[in-house]
Participant: 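Questions regarding the structure given below will be posed in turn.
Numbered from 1 within each chain, the chains take letters A, B, ... in sequence-line order.
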There are 2 protein chains.
Amino acid sequence: MASKRDLILQAAVGMIAQSGVRGLRVEEIAAKAGASTGLIYYHFKDRAGLLRATLDYISDRADRYTAQALATAKGAAASGPGGAGASGPADRDARSELEQTLLLELQDTDEIRENSTAWGELRASAIFETDLRERLEGATAAWVAEMAERVALAQEAGQAREGVEPEDVAERLTALVEGLSERWLSGTLGLERARDLLRGAIVAELGPGAR
Amino acid sequence: MASKRDLILQAAVGMIAQSGVRGLRVEEIAAKAGASTGLIYYHFKDRAGLLRATLDYISDRADRYTAQALATAKGAAASGPGGAGASGPADRDARSELEQTLLLELQDTDEIRENSTAWGELRASAIFETDLRERLEGATAAWVAEMAERVALAQEAGQAREGVEPEDVAERLTALVEGLSERWLSGTLGLERARDLLRGAIVAELGPGAR
DNA sequence: GTCTATAGTGAGATAGAC
DNA sequence: GTCTATCTCACTATAGAC
């Protein structure tokens, strides 16, 4: 079963997603987690410590659902309707994996919306709180690297235009996802349109792809 | 001379850029503006009102420097080194105007850094504060529309690939600028790299262009 | 590890004079 | 329009029992 420490972190993510870092009340989190404020200070030392731990928690959760989505995508590619036996092994379609993974951040699931919002909040906070930066930087770099890998794979498989650095493409696409995500979350942009725009960017960056 | 009201708004932008919306202390702004807290409440009713007014102030300022930069760019294109008589009237180079305008946001000038930071902050805040949304939405839409216009002009002039919606391209490029800007400001990404990535995106979106 | 109770304070907001 | 003085209270953080 989830420890109280975990419950507190979950509650923290939820609260951040709901009212932002600035709106984060230690007492409120305690209530939501069914714990006391004392316990929060016991585990995390102070409010900033709680924030740090929450950021780590969010990265982990994002890693988990990314991995899971990729596994599902591979599964679907291999056994989905019309997919069976289409063209070989599961990793054949690096490009659609790339697309799926990026689109993942633009989805109206509770967990993902929560994660994205909290992530954006913490990213914004990191501009002013130096101790959040390292963590942020690490997580972003890992994400970019992973996407760069997919781009490179797609190029090898002839699903993407040659002559562009996978690193560059990956950095642009992930930054775009963040930009679109923030517009979506702030109500400036509809979800479907955001997703379409992202798909369009992938086409612009990688070319039309094998059709 | 600048009214106290104006001084307060200027101070607010500065403070937001320095320590974020979250770090915004009414008293601190008063001190920086050489005014009293009472006056702030007199002019803006409450903290949220101050924020709203500040957002408006930032949009105006951004409009102003964009217009100015465009004028300068046109001037430079017409009279710059080697530019004289190169190929006709000032508006000939919609594409480089587009590029210049977008790159404008990624510049280490005090005013621009301040504006970008404050803008990002307010955008992030708008996720939780509904009354900021309208203003944000309006300003963003105007920016996108203006960029879309440039894209369309570039297409007509044969400086950009046909067959893509100017609106889509503009929305992607501006969202990318926001994403890159936030990474830059949060120290995740170097300024020069951010600028290079943006230039790369323009090439990806518009094609190599006339060379 | 967990809770209750409470201390301490920072910052938003108001009243009223000039 | 502008200032000084002050009120108020919501939140962080700690102390100490279980």
Side-chain angles (χ1 to χ4, degrees), chain A residues 1-57 117-118 121-122 124-132, chain B residues 1-57 118 121-122 124-132 135:
Chain A
M1 192 191 46
S3 68
K4 281 234 159 158
R5 190 176 183 283
D6 250 49
L7 289 176
I8 291 169
L9 287 171
Q10 280 166 29
V13 181
M15 292 304 314
I16 290 177
Q18 211 172 92
S19 38
V21 168
R22 183 173 207 272
L24 194 84
R25 310 273 165 252
V26 176
E27 205 176 344
E28 215 170 345
I29 291 176
K32 196 175 170 187
S36 64
T37 64
L39 189 59
I40 290 180
Y41 288 95
Y42 170 77
H43 278 303
F44 305 103
K45 177 165 167 62
D46 58 13
R47 191 178 180 279
L50 173 59
L51 245 42
R52 277 192 296 276
T54 306
L55 178 52
D56 288 345
Y57 185 81
T117 310
E121 269 290 294
L122 289 163
S125 306
I127 295 181
F128 311 103
E129 277 157 84
T130 333
D131 56 334
L132 288 177
Chain B
M1 192 191 46
S3 66
K4 281 232 157 161
R5 189 175 183 281
D6 250 47
L7 289 176
I8 292 169
L9 287 171
Q10 280 166 30
V13 182
M15 292 304 314
I16 291 176
Q18 210 173 93
S19 37
V21 168
R22 297 162 192 80
L24 193 82
R25 311 272 167 256
V26 176
E27 205 176 344
E28 216 170 342
I29 290 176
K32 196 175 170 187
S36 65
T37 64
L39 190 60
I40 291 181
Y41 287 96
Y42 170 77
H43 278 304
F44 307 103
K45 178 163 166 65
D46 59 11
R47 191 179 180 278
L50 175 58
L51 246 43
R52 276 192 297 274
T54 306
L55 179 51
D56 289 345
Y57 185 81
E121 270 291 293
L122 288 164
S125 306
I127 297 180
F128 310 104
E129 276 156 83
T130 334
D131 55 336
L132 289 179
R135 290 174 158 74

Participant: From CG of B/Leu39 over to P of D/dG1, roughly how many Å is that when rounded to an integer?
Facilitator: 9 Å

Participant: Where along residues 4-19 of chain B does a heavy atom come under 4.0 Å from DNA chain C, residue by residue in number order?
Facilitator: none

Participant: With side chains defined as the heavy atoms from C-beta onward, is the minimum distance between B/Phe44 and B/Thr54 less than 4.5 Å?
Facilitator: no

Participant: Does A/Arg25 form a side chain to side chain contact (heavy atoms under 4.5 Å, CB included) with A/Met15? I'd like the steps, not just the answer.
Facilitator: CA-CA 8 Å; A/Arg25 310 273 165 252; A/Met15 292 304 314; over 6 Å; no

Participant: Check whether any side-chain heavy atom of A/Val13 lies under 4.5 Å from a side-chain heavy atom of A/Thr117, and answer yes or no.
Facilitator: no

Participant: For residues B/Arg47 and B/Leu24, determine if any side-chain heavy atom of one lies less than 4.5 Å from a side-chain heavy atom of the other.
Facilitator: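 Yes, close enough: below the 4.5 Å cut-off.
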
Participant: Heavy atoms under 4.0 Å, any strand shown: does A/Gly34 hit a base, just sugar-phosphate, or nothing?
Facilitator: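 The answer is sugar-phosphate, as A/Gly34 gets under 4.0 Å only of primed atoms, P, OP1 or OP2.
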
Participant: Indicate yes or no for a side-chain donor-acceptor contact from A/Lys4 to the backbone of A/Gly34 under 3.5 Å, with no hydrogens or angles considered.
Facilitator: yes

Participant: Is any side-chain heavy atom of B/Glu121 less than 4.5 Å from a side-chain heavy atom of B/Arg22?
Facilitator: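 Result yes, sub-4.5 Å side-chain heavy-atom pair found.
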
Participant: Looking at B/Leu122, B/Asp56, B/Leu51, which one forms a side chain to side chain contact (heavy atoms under 4.5 Å, CB included) with B/Arg135?
Facilitator: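 One option only clears the test, and that one is B/Asp56.
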
Participant: Kindly indicate, with the supporting measurements, whether the criterion side chain to side chain contact (heavy atoms under 4.5 Å, CB included) is fulfilled by B/Ile29 and B/Thr37.
Facilitator: CA-CA 8 Å; B/Ile29 290 176; B/Thr37 64; over 6 Å; no

Participant: Give the minimum heavy-atom separation between B/Ile40 and B/Val26, together with the two atoms involved.
Facilitator: CD1-O, 3.6 Å

Participant: Counting any heavy atom closer than 4.0 Å, what does B/Gly49 reach on the DNA or RNA strands: base, sugar-phosphate only, or nothing?
Facilitator: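 It contacts nothing in the nucleic acid.
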
Participant: When the distance from CD1 of A/Ile40 to C1' of C/dC3 is rounded to whole Å, what number comes out?
Facilitator: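 Atom CD1 in A/Ile40 sits about 13 Å away from atom C1' in C/dC3.
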
Participant: What I'd like to find out is whether the side chain of B/Gln10 reaches to under 4.5 Å of the side chain of B/Tyr57, using heavy atoms alone.
Facilitator: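 Yes, close enough: below the 4.5 Å cut-off.
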
Participant: How far apart are the closest heavy atoms of B/Leu50 and B/Ala12, and which atoms are they?
Facilitator: CD1-CB, 4.4 Å

Participant: Just the rounded figure in Å: distance from C1' of C/dA11 to CG of B/Leu50.
Facilitator: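 Taking CG of B/Leu50 and C1' of C/dA11, I get 14 Å after rounding.
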
Participant: Grab the N/O contacts between the protein and nucleotides 15-18 of chain D below 3.5 Å, and write none if there aren't any.
Facilitator:
none

Participant: Give each protein N/O atom lying under 3.5 Å from an N/O atom of nucleotides 11-13 of chain D, with the pair distance.
Facilitator:
unit_1: D/dC11; atom_1: OP1; unit_2: A/Arg25; atom_2: NE; d: 2.7
unit_1: D/dC11; atom_1: O5'; unit_2: A/Arg25; atom_2: NE; d: 3.0
unit_1: D/dT12; atom_1: OP1; unit_2: A/Leu24; atom_2: O; d: 3.1
unit_1: D/dT12; atom_1: OP1; unit_2: A/Arg47; atom_2: NE; d: 3.3
unit_1: D/dT12; atom_1: OP2; unit_2: A/Val26; atom_2: N; d: 3.0
unit_1: D/dA13; atom_1: OP2; unit_2: A/Tyr41; atom_2: OH; d: 3.4
unit_1: D/dA13; atom_1: OP2; unit_2: A/Arg47; atom_2: N; d: 2.9

